[in-house]
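I have placed the structure first, in the form of structure tokens, so that the comments after it can refer back to it.
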Amino acid sequence: MTPPLLGILGFFVAMALTLVGVPVAIAMAVTGVAGFAILNGTGGAIYVLGSAPFEAVFPYSLSVIPLFVAMGVFSAHAGLSTSLFSAMNMVFKRFRGGLAMATVGACAIFGAICGSSLATAATMGRIAVPEMIREGYSPSLAGASVAAAGTLGVLIPPSVLMVIYALLTENSIGQLFAAALLPGLLATGLYITAVAVTVRISPNAIKPVDHHGDDRPETGFDKSVIAAISLFVVVLGGLYSGLFSANEAAAVGAFGAVVLAILMKTSFASMVDAALETARTSAMIFMILVGAALFNFFIEGTGLAGILGNWISESGLPPTVIMIMILCFYLLLGCFMDSLSMILLTIPIVYPIVINLGFDPIWFGIIVVSVAEIGLITPPIGMNLFVVQNVAPQVSQSDIIRGILPFVIADVVRLFLFVAFPAIILFLPTLMR
Amino acid sequence: MKILDTAFRYLALLGAVSFAAAACITVVDVVMRKFSGGILGTVDYVQLFIVSGAFLAMPYAFRVNAHVSLDLVSNFLPPFAQWLLGLATSLLTLGFCCLLGYYSTQSALSMLSSSDISMNIGIPMWIYWAPFALGLVGSSVAMAFNVADQLRAGWNEPGKSAT
Amino acid sequence: APVTLKLAHFWPMGAGPHKDFTVNWTNEITECSGGEITFEFYTAGTQLGNVTKLEDVLRAGLVDVAHGLNHLPRNRFTTATIMDTPLLAKSAYANSMTLWTLFEEGLISKPYDGIKVLALHAHNAGLIHTKEKAVKTPDDLKGMRIRAPSPAAAMMLEELGAVPVGVPPGDTYEVISKGTADGTIFPWEGVAAFKLAEILDYSSDLKLNAASFWFAMNENKYNSLSDSQRKCVDDASGEKLVKQTGAYWDTWDAPGLEQTKAEGSEIFVPDEAQQAAWTEAMKPVIAKYHESLKADGFDNVEETYARAQELMAEYQAEYEAQK
Ligand code: NA
Ligand code: NA
């Protein structure tokens with residue numbers, strides 16, 4: 001078997017192992033080491049096994065990962081969700097579907113201090129879904145709006161996935177975060193539109209409920225909303241203005257989130273939970289980085305990227321057509337794969353091709369993160385669908401899947417806009433340069 | 001077994017404390033350099049605390065199955081096949097963790113006699129390698145317990161054993 | 001028999017050290033061997049091209065030829081970092097030939113045991129490039145935040161009262177333009193590579209440092225080549241390649257100098273009195289640096305340094321005569 005063919009086989013073996021339930025990190029690592037041994041002999045593979053894992057987790061720039069994770073986890077445990085949700089409700093309550101719109105808005109603000117989609121969906125799902133069901137919203141709309149809006153955790157900076165893209169491709173985290181700002185707002189707007197359209201065309205989306213004269217207190221914009229926004233402004237503002245680097249921004253963010261949790265009188269037990277969650281999430285990401293490094297050692301040796309690149313440049317297709325093909329490939333892959341593993345597995349091959357075609361690396365970063373995030377809400381395997389079902393047992397997996405289509409359409413529209421108008425992404429970073 | 005689970009939990013908490021140390025030293029460095037020089041070797045310390053934190057938490061992450069994995073295929077299988085598949089994937093994971101633990105320990109031991117030092121303030125590199133190798137060896141132990149749990153649970157309780 | 005050699009280094013494909021050094025050297029060998037020897041490249045961004053692992057992957061035989069930095073990872077090729085001694089460096093030609101002769105004389109060769117060294121070289125002496133405030137006297141440095149390219153440069157800055165900033169070279173533009181750092185130490189090549197001319201105001205030609213590089217082959221692989229193949233490698237390497245690299249550095253430096261002139265920035269060259277002040281200020285720094293080399297296990301520092309100064313004068317004269 002020629003090395004490039006072995007590379008393709010390795011890619012499918014890694015995917016197959018993932019699909020039968022092997023942890024993604026281990027699937028990539030096992031395939032990588034085995035493939036490397038076939039290409040270079042056992043001696044080389046043993047050397048790689050003894051040195052590459054450490055080298056993969058040693059770079060200073062990786063410190064942003066646990067620290068941004070901590071920022072999100074501690075904000076989630078600080079109990080911001082209720083007040084964010086009711087504050088947004090003040091804004092949207094006059095519209096039909098206002099609660100679902102408020103959910104999207106609250107996810108956007110929460111996403112501005114949390115770097116993970118799953119954490120955003122889980123945190124907001126706990127509070128927003130029961131509330132919507134109580135007000136007569138269909139489980140479909142309630143579940144789907146949280147699952148979709150949860151992806152704002154990654155689409156709006158800070159974002160762990162963007163950090164990993166930046167580290168993998170040696171791009172600036174600050175530039176990527178700046179580039180993500182307008183697209184994140186666009187995503188929020190499109191999700192709100194998706195809610196408005198859903199409640200208009202589907203009469204069953206909201207059934208009238210009769211419990212007027214309800215005595216729930218309206219909190220409005222309380223201190224915690226201001227605290228959340230201040231944290232965002234300090235971290236992102238400091239990063240953009242050059243007051244501190246990405247590593248320092250993450251440290252300040254983690255520090256700020258812990259202070260926020262203390263100010264919100266979070267219980268000690270909850271703080272310990274947050275610490276454990278930070279530790280195990282970071283450990284998991286680091287293990288995936290180890291797996292990705294081992295896998296890349298192998299893929300690099302097969303010369304696959306070069307051959308695919310040549311093949312594409314000889315095909316004579318216009319770059320935009322190739323980009324659309326790449327995006328369709330990601331959409332398909334996203335049905336079955338988790339966003340992080342998808343990016344780690346494919347970037348070593350896809351990134352050089354895309355850059356050779358003349359696309360901007362920052363632009364492609366936002367594109368690839370967006371398309372990977374769509375995978376979180378597409379069946380059969382969408383992590384956000386699982387998360388929402390998990391935290392809100394009132395809605396079933398199939399309920400959410402039935403309601404997700406308008407949101408997936410909103411995502412595809414957004415992708416289309418990015419390809420048609422790259423300035424949506426590149427405007428702010430060019431301003432920064 | 002229970003004692004080890006407690007130990008893994010405390011190691012993970014120690015990992016979180018290690019992250020906190022990295023955050024604090026960075027924040028202090030940011031503040032201090034507004035007035036004077038900042039802390040020499042911040043980068044070296046942060047690298048040490050981050051690597052240590054992630055790998056001290058690694059056994060706990062394996063023990064509570066925090067690792068991203070999917071169960072698409074197994075949902076369509078009868079309980080016994082589900083159990084078997086779960087066991088097979090755990091055994092593969094265990095096998096690989098042992099391999100990684102073994103060779104990382106070898107490298108860490110060779111670091112003891114090497115002259116490699118960190119970039120800025122010259123911390124000996126074996127200090128970085130020790131928590132890393134410890135975390136991987138601990139992960140092998142954690143995975144061994146996962147396998148033992150699965151074997152003990154038997155195929156009547158697939159939900160409990162599926163990773 | 002035909003053989004494909006894996007060659008790894010840490011520069012991007014578009015950088016001079018790849019386009020000129022690597023491509024010319026490999027072409028020469030492929031041609032000489034009648035196409036028997038071909039090459040496969042692993043460059044910036046690849047796992048095998050990881051700058052801190054180049055020595056290890058070369059010794060382990062994962063790659064056959066590698067081109068790395070002497071000061072990274074720290075404390076591997078410590079003897080060659082004698083070249084990082086402040087104020088020692090002159091032109092790239094003289095620096096490289098000095099290093100190569102020290103190697104051939106056995107003064108710095110010990111850490112390279114077991115690998116077939118093909119060339120050693122060092123860039124033209126580095127300058128301090130700053131924004132807003134010029135560095136003309138040692139006192140000017142006090143309190144300034146300067147990006148340090150190596151541990152030796154960091155120590156020097158610290159001893160002179162400046163604050164060394166440790167960021168990767170790719171972040172230099174960002175930290176200077178945002179004011180996180182006031183300047184950087186680079187040869188002109190770095191100014192061009194990282195597009196720094198547009199944000200810099202002053203360049204002080206103080207001959208502060210020179211980072212150095214090794215270019216080597218796996219010894220087993222070298223020995224496994226046929227006699228005629230080995231001759232092709234030998235013919236393209238050694239002193240001839242070292243001299244060629246000195247000239248390459250001049251061409252790699254030229255755009256940075258041109259861009260700086262085009263921006264109208266001030267280029268400061270110290271006169272004799274000013275130079276004397278720097279020499280005086282550096283004395284304790286040099287002593288301290290050599291102490292640190294000794295602590296890292298480099299025993300014959302004084303002897304090597306004395307010889308390096310002799311050779312440097314000799315080769316610099318040779319370089320100036322050629323011009
Ligand atoms: Na976010
Ligand atoms: Na999906």
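Since the structure is predicted, the reported quantities are computational estimates derived from the model, not experimental observations. Only heavy atoms go into these numbers, but all of them, side chains included; no hydrogens, no water, no symmetry mates. Chain naming here is simple, since letters A, B, ... match the order of the sequence lines and numbering starts at 1 in each.
- The distance from the CE atom of A/M284 to the CE atom of B/M58 is 10.0 Å, given to the nearest 0.5 Å.
- No more than 12 heavy atoms of other residues, nucleotides or ligands sit less than 6.0 Å from atom OH of B/Y45.
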Tabulate below the donor-acceptor pairs under 3.5 Å that side-chain atoms of residues 56-77 of chain A make, not counting sequence neighbours, or state none.
unit_1	atom_1	unit_2	atom_2	d
A/S63	OG	A/Y60	O	3.2
A/S63	OG	A/N247	ND2	2.9
A/S75	OG	A/M71	O	2.4
A/H77	ND1	A/V73	O	3.0

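- No side-chain heavy atom of A/I26 sits under 4.5 Å from any side-chain heavy atom of B/T89.
- Residues of residues 108-125 of chain B that come within less than 4.5 angstrom of chain A, heavy atom to heavy atom, are B/M125 in numerical order.
- Contact tally against chain B (heavy-atom pairs below 4.5 Å) for A/A254, A/A27, A/S51, A/P53: the top residue is A/P53.
- Contact of A/V33 with chain B is made through the side chain alone, with heavy-atom distances under 4.5 Å.
- Residue-environment remark: OH (A/Y240) exceeds the threshold of 12 foreign heavy atoms within 6.0 Å.
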- Query: Taking it one step at a time, do B/Y103 and A/V48 satisfy side chain to side chain contact (heavy atoms under 4.5 Å, CB included)?
  - Reply: CA-CA 9 Å; B/Y103 286 109; A/V48 167; over 6 Å; no
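- In this structure, B/F132 and A/F54 have perpendicular ring planes: the angle between them is above 60°, well past the 30° mark.
- Chain A forms the most heavy-atom pairs under 4.5 Å with one residue out of B/T93, B/L100, B/V30, and that residue is B/T93.
- Across every non-hydrogen atom of B/W129 and A/G50, the tightest pair is CH2-O, 3.3 Å.
- Atom SG of B/C97 and atom CE of A/M287 lie 5.5 Å apart (nearest 0.5 Å).
- Residues of residues 7-27 of chain B that come within less than 4.5 angstrom of chain A, heavy atom to heavy atom, are B/R9, B/A12, B/L13, B/A16, B/F19, B/A23, B/C24, B/T26, B/V27 in numerical order.
- B/D5 pairs by the salt bridge (Lys or Arg N to Asp or Glu O under 4.0 Å) definition with B/R63, not counting sequence neighbours.
- Neither the backbone nor the side chain of B/Y102 comes within less than 4.5 Å of any heavy atom in chain A.
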